[in-house]
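Okay, so here's the structure we're looking at.
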Amino acid sequence: MAKRKKADEEFVNSLADNVHIQGAGTIKDEPIVETLKSNFMPYAMSVILSRAIPEIDGLKPSHRKLLYTMYTMGLLNSGTIKSANIVGRTMQLNPHGDASIYETMVRLSRGNESLLYPYVESKGNFGKAYSRNMAYAASRYTEAKLAPIAKELFEDINKDTVDFVDNYDNTLKEPKLLPVTFPSILCNVTTGIAAGMASSIASFNLREICDTTISLIKNPGHDVSETLIAPDFVGGGMIVYNKEELDRIYQTGRGSVKVRAKYTYDKKYNCIDITEIPPTTTSEAIIDKIVELVKANKVKELSDLRDETDLKGLRITLDLKRGTDPDKLMTKLYKMTPLEDSFSCNFNVLINGYPKVLGVGDILKEWIAFRLECVRRRTEFTRNKKAEKLHLLQGLEKILLDIDKAIKIIRNTDAEADVVPNLMIGFGIDKVQAEYVAEIKLRHLNREYILKRTKDIEDLIKDIEELDGILASKNKQKKIIVKELEAVADKYSGQRKSQVLYEVEEFDASVEQVAEDYPVTLFFTKEGYLNKIRTANLRMSGEQKVKEGDSVERVFECSNRDELLVFTNKAQVYKAKIDDFADGKASQLGIYVASKLEMEPDEKTVYMCVIREYKGYMIFAFENGKVAKVDISAYQTKTNRKKLLKAYSNKCPLAGMKYIEEDCEIVFTSTGGRMLLVHTGALNSKTTKDTIGVSVMTLKKNQHLDSMHFYREGEFDKAWRFRAKNLPAAGAVPGPADNSDQISF
């Protein structure tokens, strides 16, 4: 084993000695600019030219390769076949993996609802563009074929209308562009992110695009906005019309379009059904945002929210509370949720291999130039084919003069190779014509056959003259394009899916929404739960439900417009509006206050009070016998701050606190059993929240102020015994005749 190990080491060392990588291990100083040019620029160019940016035919290379493969498979006029079969065949042109090819096909399909004019008819689950959770099925389960409109992508593709190039391994040919008969670049949403640039093209109605293109062909100075209303999206929705912004998009190719969701109100069930949403969001994103707003109590008009999307299409249902105005609620939701979103336009298109950001008018002019070239090449191809046929028929016509002579020449020719030259000499025809004649079957060497073949000579001459006229006239070529555009618009265009809103109502967030005013009853438990119940519903409710081991500590009767101050053991106070808490029922536990107000983990509530107007005082009693009287206005803030620090002094442990709307009598009790009855009017109020207070009760050694409560008339047999002329005072010990039970309210 040792000898074998040593032999292996020697073999490895010999390999290391023989392997030499030139430049390995050396550090070379090279400017970063040169590194970027040599390494990053080729990659960036590849992404821009071959992946992310669409060309004038409206397609990216991945789309074009897939659609052309389906065309060559005969899927334009046939039934659907398995998607996996299509994906596999497409890999002959697009070697980037089956997953990316299938995702491309999914987006092009009708079932996914990504495109306004889909090019692929789908069968099976292709997912939905408006839902991130509705995923498409695997390619082995779905089927597809080309949609009827895809015929316009390949019209006359075999008539030299576009250039063909080799595929990645030089085994097949594929078109550089497709000879589209309509401006598909502006009929479907196309987005792509390249290196250093991106493209985002909105979709427009086919009829409007064709009419605009026709107008530009007839008049290059035509104002696009006269015939092109606004973008049109597959998901519908309502476009907020902004002429200045749309003109900017039409002229520069940059800008944004606001799209609102479309809804209907069902009066019978008091609910809103949202059936169309902006193209830039999903139903889940909308629902999540509404739920978030409901939890934050910023949206209080909803009683339930459901996603009722089914085979019929998208539907989000909002159940409303009684008395809610559906239009005002939707105006609010438009402002606060993705129910209104902007589609950012960046019309970046590859023109002759160069990326250019163009306005709608300029893109259509580039498409017209592209289509003119397609028509010219097609016309020239057709003209050449007819000229070739005419040339052959003219040679065949000469044989008509003497068929017997032709037969005699062929019969008397000794060598097969001499047949064509002898025919050329005998009839004065060229080699091509002679080859054609020589290939005619014996059964066709009759006058009837030859007359049938030669009677089209005059028609061919007329056709060639007509085609020559088209090639010589740009106007005739433009008329052909106009005719094709009118035919496409009549056959495939439909009504607009996106409604245009010329006047909209905007939600003004700066205007504070006034809470509804109605009486409520608050139940606060020892464990920190708060339940708000409408007082009108309280009589019909049963006993307030609490957790096991918990109990109701305080009950408040107040208005829904009042505010709540929650003091904690960390000398902090949290402010909240009663309206921030949702209405509950006696059968519910309520809301955990610490969580609702976002308290710190180890923070606990020590006191809670309801404020209608910031009038009155907070009374703080400390264990050292001091009492602080703080004007309640010290807790009033101009902004909606929820948390105030230094709500009271923390220099001495707190014995108790009370909110009083006006001065009253309070009983202070020490651990020694003494009680002191003090009128708060004798105390000076402070505006500093964390004031340490003034001495009110004198205490013996090892004693401290223990508690405080409001004085109840008749509580003491001789109340004068517990009052003091001057403060601080020790108070008195209650006797058998005094009813000294502490009452907190």
Can you confirm whether more than 12 heavy atoms, excluding those of Tyr592, are under 6.0 Å from its OH atom? no
Is Asn112 close to Ser122 at the side-chain level, that is, under 4.5 Å between some pair of heavy atoms? no
Correct closest heavy-atom pair for Leu705 and Gly625 would be CD1-CA, 3.9 Å
Side chains of Phe620 and Ser649 in contact at under 4.5 Å (non-hydrogen atoms): no
Side-chain touch Val106/Ser114, heavy atoms, less than 4.5 angstrom: no
May I ask you to test the Phe716-Val667 pair for a side-chain heavy-atom distance under 4.5 Å? yes
Measuring only between side-chain heavy atoms, which start at C-beta, is Lys295 closer than 4.5 Å to Val291? yes
For Arg723, look at atom CZ and say whether over 12 heavy atoms of other residues, nucleotides or ligands are found less than 6.0 Å away. yes
Counting N and O atoms only, with roles assigned by atom type, does the side chain of Arg254 sit under 3.5 Å from a partner on the main chain of Ser344, one being a donor and the other an acceptor? no
Got more than 12 heavy atoms from elsewhere within 6.0 Å of OH, Tyr518? yes
Check whether the side chains of Asn560 and Lys532 place a donor and an acceptor atom closer than 3.5 Å, and report yes or no. yes
Any salt bridge between Glu113 and Lys128, counting N to O under 4.0 Å? yes
Nearest heavy-atom pair of Leu645 and Lys689: which atoms, and what distance? O-CE, 3.6 Å
What pair of heavy atoms forms the shortest contact from Glu284 to Tyr130, and how long is it? OE1-O, 4.2 Å
Side chains of Asn270 and Tyr265: do they bring a donor and an acceptor to under 3.5 Å? yes
Taking atom types as modelled, find out whether Asp327 and Tyr263 have a side-chain donor-acceptor pair closer than 3.5 angstrom. yes
Any side-chain donor paired with an acceptor under 3.5 Å for Asp706 and Ser670? no
Tell me whether Lys570 at atom NZ has more than 12 heavy atoms from other residues, nucleotides or ligands lying less than 6.0 Å away. yes
Distance-only donor-acceptor hits, side chain of residues 627-636, under 3.5 Å, sequence neighbours excluded:
residue, atom, partner, partner atom, Å
Lys629, NZ, Asp663, OD1, 2.9
Lys629, NZ, Thr680, O, 3.0
Lys629, NZ, Leu683, O, 3.2
Asp631, OD1, Ser633, N, 3.0
Asp631, OD1, Ser633, OG, 2.9
Tyr635, OH, Ala647, O, 2.6

Hey, is NZ on Lys686 packed in by over 12 heavy atoms from elsewhere, all under 6.0 Å? no
Answer whether the closest heavy-atom distance between the side chains of Thr324 and Pro326 falls below 4.5 Å. no
Worked check of salt bridge (Lys or Arg N to Asp or Glu O under 4.0 Å) between Glu301 and Lys328: CA-CA 10 Å; Glu301 298 88 344; Lys328 288 186 177 180; over 6 Å; no
Would you call Asp319-Arg306 a salt bridge at under 4.0 Å N-O? yes
Using a strict cut-off of less than 4.0 Å between a Lys/Arg side-chain nitrogen and an Asp/Glu carboxylate oxygen, indicate whether Lys258 and Glu245 qualify as a salt bridge. no
Please indicate whether Ile692 has more than 12 foreign heavy atoms, meaning atoms of other residues, nucleotides or ligands, lying under 6.0 Å from its CD1. no
Geometric class of the Phe343/Phe233 ring pair [parallel <30°, tilted 30-60°, perpendicular >60°]: tilted
Quick check: closest heavy atoms across Ala261 and Pro278, and the distance to 0.1 Å? N-CD, 4.1 Å
Contact summary for Ser200 and Thr191, nearest pair of heavy atoms: OG-CG2, 3.8 Å
Under a plain distance cut-off of 3.5 Å, with no hydrogens placed, do Thr281 and Asp341 share a side-chain donor-acceptor pair? no
4.5 Å side-chain heavy-atom contact, Leu116 and Lys497: yes
Can a salt bridge be assigned to the pair Arg132 and Asp288 using a cut-off of 4.0 Å between side-chain N and carboxylate O? yes
Over all atoms of both residues, closest heavy-atom pair of Ile277 and Ile274: CG2-CG2, 4.0 Å
Side chains of Thr521 and Val555 in contact at under 4.5 Å (non-hydrogen atoms): yes
For atom NZ of Lys321, decide whether the heavy atoms of other residues, nucleotides or ligands shown that lie under 6.0 angstrom number more than 12. yes
